[in-house]
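Notes to accompany the following structure.
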Amino acid sequence: MPKSRIRKKADFTPPPAKATTIKLTNRSWVAPVMLALFAIGLVWIVVFYVTDGSLPVESIRNWNIVVGFGFIAAGFGVSTQWK
């Protein structure tokens, strides 16, 4: 009895993916914004301690420290965009 021919299946090639990349090549804003947020947070905390809590916002008392660290944390968040 003759051997049957073995069919060779073609390799699967997935369809080409659509290119939907957003190109943000100009990131010159990142460093100044990051440094400004770091500076604002630092100045906020220093002013709070130097004025014994009467500035920058007296009504929120010790939460001024959290606000200062919030600015610093936002600076770190912006720094993730730096290339």
Side-chain angles (χ1 to χ4, degrees):
M1 184 169 215
K3 276 187 163 178
S4 64
R5 294 185 185 183
I6 299 173
R7 292 186 204 163
K8 189 174 184 182
K9 292 184 179 180
D11 293 334
F12 175 74
T13 53
K18 294 181 181 178
T20 58
T21 58
I22 299 173
K23 295 181 181 179
L24 297 175
T25 57
N26 189 3
R27 296 197 184 225
S28 60
W29 59 272
V30 174
V33 170
M34 175 185 66
L35 294 175
L37 287 170
F38 287 156
I40 290 169
L42 180 65
V43 168
W44 192 287
I45 294 171
V46 167
V47 167
F48 173 71
Y49 278 116
V50 168
T51 62
D52 291 327
S54 62
L55 287 176
V57 181
E58 186 175 7
S59 63
I60 61 173
R61 296 183 301 273
N62 287 337
W63 284 96
N64 280 303
I65 298 169
V66 175
V67 172
F69 278 113
F71 278 113
I72 293 171
F76 279 113
V78 169
S79 72
T80 63
Q81 300 297 315
W82 194 9
K83 286 189 176 184

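Side chains of Trp29 and Val78 form a contact here, defined as non-hydrogen atoms less than 4.5 Å apart. Side-chain contact between Tyr49 and Ile65 is present, with at least one heavy-atom pair separated by less than 4.5 Å.
For the side-chain contact (heavy atoms from CB on, under 4.5 Å) criterion with Phe69, the lone passing option out of Leu42, Ile45, Asn64 is Ile45.
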Given the rule in the side chain to side chain contact (heavy atoms under 4.5 Å, CB included) test, do Phe48 and Asn62 qualify, once you have shown the distances and angles that lead to the verdict?
CA-CA 9 Å; Phe48 173 71; Asn62 287 337; 3.4 Å; yes

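Contact between Phe71 and Trp44 at its shortest, heavy atoms only, is CE1-CE3, 4.0 Å. Taking all atoms of both residues into account, the shortest heavy-atom contact from Ser79 to Met34 is CB-SD, 3.2 Å.
Cluster membership for Leu37 and Val47, using ILVMFWY side-chain heavy atoms within less than 4.5 angstrom, is not shared. Residues Ile72 and Ile60 share a single hydrophobic cluster, defined by chaining ILVMFWY side chains whose heavy atoms lie under 4.5 Å apart. Under the 4.5 Å side-chain heavy-atom criterion for Ile, Leu, Val, Met, Phe, Trp and Tyr, Val50 and Val57 are members of distinct hydrophobic clusters. Hydrophobic clustering keeps Leu35 apart from Val46 (ILVMFWY residues linked when any side-chain heavy atoms are closer than 4.5 Å, directly or through intermediates).
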